[in-house]
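The structure appears right after this line, and notes come after that.
From a predicted model like this one, the values you see are computed outputs, not experimental measurements. Only this structure's heavy atoms are used, side chains among them; waters, hydrogens and symmetry mates stay out. Along the sequence shown, residues carry numbers from 1.
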Amino acid sequence: MIGAAAAAICIVPLLLMGLSPLLDWIYYNPNQSKEIIVKENDSVMVTNPFAAAMSVYMELFCGDKGFAELCLWPEGYGHYTIDVQTQIDGENTSHILELVRNHLYQNDLSWNSSDFPANAFTYRSEGPSLCMDKDTARKKLEEAPELMKIRASISFDKLKNMDELAEFMGKHETYYLYCPMDVKGYRYWGFSPEKRGYDLTYGYDSEKYPYLDISEGFKIFDGCAPGGKNFINTYEYVEALDYIREHGVKSYGVVVYAAKQELLEMLEDLSVDGVYMLDGKIDLKF
């Protein structure tokens with residue numbers, strides 16, 4: 001009896017180890033790692049393709065939520081808890097998802113969409129824009145406490161190309177979260193203008209999923225990243241990319257996390273058409 005129990009203890013782990021690759025083939029495993037050879041310094045980097053794909057997705061559509069980091073916990077075969085953590089100015093927000101045998105359960109239904117309404121900008125608003133004109137916004141800001149920091153969308157009076165956008169950012173120093181692009185579609189497409197968080201560049205297969213170079217160091221991920229098909233319609237992506245290639249990368253505004261005085265200075269810029277202020281808080285760190 002004791003011998004049989006000992007044999008079972010030895011056999012069961014071996015059986016589970018043998019079944020693991022098979023179950024990973026049946027049920028998608030987001031926790032798998034991949035070795036990437038870095039030719040520049042002849043080294044090997046271990047990366048997670050799913051985390052890289054999610055990072056790209058969150059930057060494209062949810063950049064206003066801030067830098068995104070992914071945490072994964074296996075709960076059993078085919079079952080994973082996914083914590084999509086977003087961060088603005090050091091403050092983390094968790095968006096918990098459950099992947100159970102290839103079915104994604106969203107405990108937070110807003111995790112993969114912008115926090116800003118569709119008509120937060122004056123450009124391409126569906127119906128009347130919620131964007132405040134400069135005079136109204138200036139009066140609101142003058143009433144706000146001096147230590148207030150505000151997450152806001154700044155609308156331009158016309159589209160800016162990358163050189164013009166870089167010039168605008170050079171004139172107005174603040175915390176830039178997101179730059180929405182002029183792309184056909186019903187939702188925001190954009191990019192983070194400043195690198196933050198982890199550098200996942202080496203995690204991409206640059207031959208299979210090449211970058212599309214823009215200017216001033218701005219880049220847009222060109223190609224459907226591994227695992228990305230679970231969260232984005234491929235046709236929608238290709239259509240948007242074709243539009244960008246034809247018309248160039250042009251932005252109709254920026255999303256910032258800015259101090260009161262920084263916003264007031266932006267309103268003095270002749271190219272600013274208005275502002276939509278989403279939320280804010282008293283910041284005692286500055």
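Contact annotation: the side chain of Glu69 never approaches that of Gln87 to less than 4.5 Å [non-hydrogen atoms, C-beta and beyond]. At least one side-chain heavy atom of Leu165 sits under 4.5 Å from a side-chain heavy atom of Cys179. Contact check for Tyr176 versus Phe168: side-chain heavy atoms found under the 4.5 Å cut-off. Under the 4.5 Å side-chain criterion, counting only non-hydrogen atoms from C-beta, Val256 is in contact with Leu263. In this structure, the side chains of Lys65 and Asp115 come closer than 4.5 Å at one or more pairs of heavy atoms. With contacts defined as side-chain heavy-atom distances shorter than 4.5 Å, the pair Asn92/Thr86 does not qualify. Using a 4.5 Å heavy-atom threshold, the side chains of Asp157 and Val272 count as separate. In this structure, Thr174 and Met266 have side chains that are in contact, with non-hydrogen atoms separated by less than 4.5 Å.
The line from OH of Tyr77 to CG of Asn29 is 10.0 Å long, rounded to the nearest 0.5 Å. Atom-to-atom distance recorded for Ser153:OG and Asn119:CG is 9.5 Å, nearest 0.5 angstrom. Rounding to the nearest 0.5 Å places CG of Leu141 at 5.0 Å from CG of Leu264. Atom CG of residue Asn112 and atom SG of residue Cys62 lie 6.0 Å apart, to the nearest 0.5 angstrom.
Between the side chains of Glu75 and Thr81, at least one donor N or O lies within less than 3.5 Å of an accepting N or O. Between the side chains of Ser94 and Asp83, at least one donor N or O lies within less than 3.5 Å of an accepting N or O.
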Query raised in the report: Is there a side-chain hydrogen bond (donor to acceptor under 3.5 Å, both in side chains) between Thr122 and Asp273 once you walk through the steps?
Result: CA-CA 8 Å; Thr122 55; Asp273 194 33; 3.2 Å; yes

Query raised in the report: Hey, mind stepping through Leu60 and Phe191 against side chain to side chain contact (heavy atoms under 4.5 Å, CB included) and telling me if it holds?
Result: CA-CA 5 Å; Leu60 273 175; Phe191 59 93; over 6 Å; no

**Report entry** Test salt bridge (Lys or Arg N to Asp or Glu O under 4.0 Å) applied to Glu268 and Arg138, step by step
**Finding:** CA-CA 10 Å; Glu268 298 304 315; Arg138 194 177 290 110; 3.2 Å; yes

Requested in this report: Could you give me the CA-CA distance, side-chain angles and deciding distance for Ile88 and Leu177, then say whether side chain to side chain contact (heavy atoms under 4.5 Å, CB included) is met?
Outcome: CA-CA 8 Å; Ile88 297 178; Leu177 290 170; 4.1 Å; yes

**Report entry** Derivation of the salt bridge (Lys or Arg N to Asp or Glu O under 4.0 Å) call for Arg151 and Asp279
**Finding:** CA-CA 5 Å; Arg151 188 165 49 143; Asp279 50 27; 2.7 Å; yes

Query - From CA spacing to verdict: side chain to side chain contact (heavy atoms under 4.5 Å, CB included), Asp108, Ile96 - result: CA-CA 6 Å; Asp108 180 356; Ile96 303 297; over 6 Å; no

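At distances below 3.5 Å, not a single donor-acceptor pair connects side-chain atoms of Glu265 with backbone N or O atoms of Glu262. Between the side chain of Tyr188 and the backbone N or O of Pro117, at least one donor-acceptor pair lies under 3.5 Å. A donor-acceptor pair under 3.5 Å is absent between the side-chain atoms of Tyr80 and the main chain of Glu98, judged by distance alone. Remark: side-chain polar atoms of Ser129 are paired, donor with acceptor, to backbone N or O of Cys131 under 3.5 angstrom. Looking at Glu143, its side chain never comes within 3.5 Å of a backbone N or O of Lys140 through a donor-acceptor pair. Judged by distance alone, the side chain of Tyr123 and the main-chain N or O of Asp182 form no donor-acceptor pair under 3.5 Å.
For His79, the ring pair (Phe, Tyr, Trp, His ring centres under 6.0 Å) criterion is met by no residue, not counting sequence neighbours. For the ring pair (Phe, Tyr, Trp, His ring centres under 6.0 Å) test, no residue two or more places apart in sequence or in another chain qualifies with His95. Remark: Lys134 engages no residue in a side chain to side chain donor-acceptor pair (under 3.5 Å) (not counting sequence neighbours).
Closest of all the heavy-atom pairs between Met181 and Tyr252 is O-CE2, 3.2 Å. Between Tyr276 and Phe116, the closest heavy-atom pair is CD2-CD2, 3.6 Å. Cys71 and Gln85 make their closest contact through SG-NE2, 3.8 Å (heavy atoms, listed as atom of the first residue, atom of the second, distance).
Note on ring orientation: taking the six-membered ring where Trp is involved, the planes of Tyr175 and Tyr257 are perpendicular (angle over 60°, cut-offs 30° and 60°).
The 12-atom threshold is exceeded at NZ of Lys160, counting heavy atoms of other residues, nucleotides or ligands nearer than 6.0 Å. Crowding of Glu142 atom CD: a count of heavy atoms from other residues, nucleotides or ligands under 6.0 Å exceeding 12. Taking a 6.0 Å sphere around CD of Gln106, one finds it holds more than 12 heavy atoms contributed by other residues, nucleotides or ligands.
Ring-centre distance between Phe121 and Phe156: not below the 6.0 Å cut-off.
We find that Lys281 and Glu91 are joined by a salt bridge, their nearest charged nitrogen and carboxylate oxygen being less than 4.0 Å apart.
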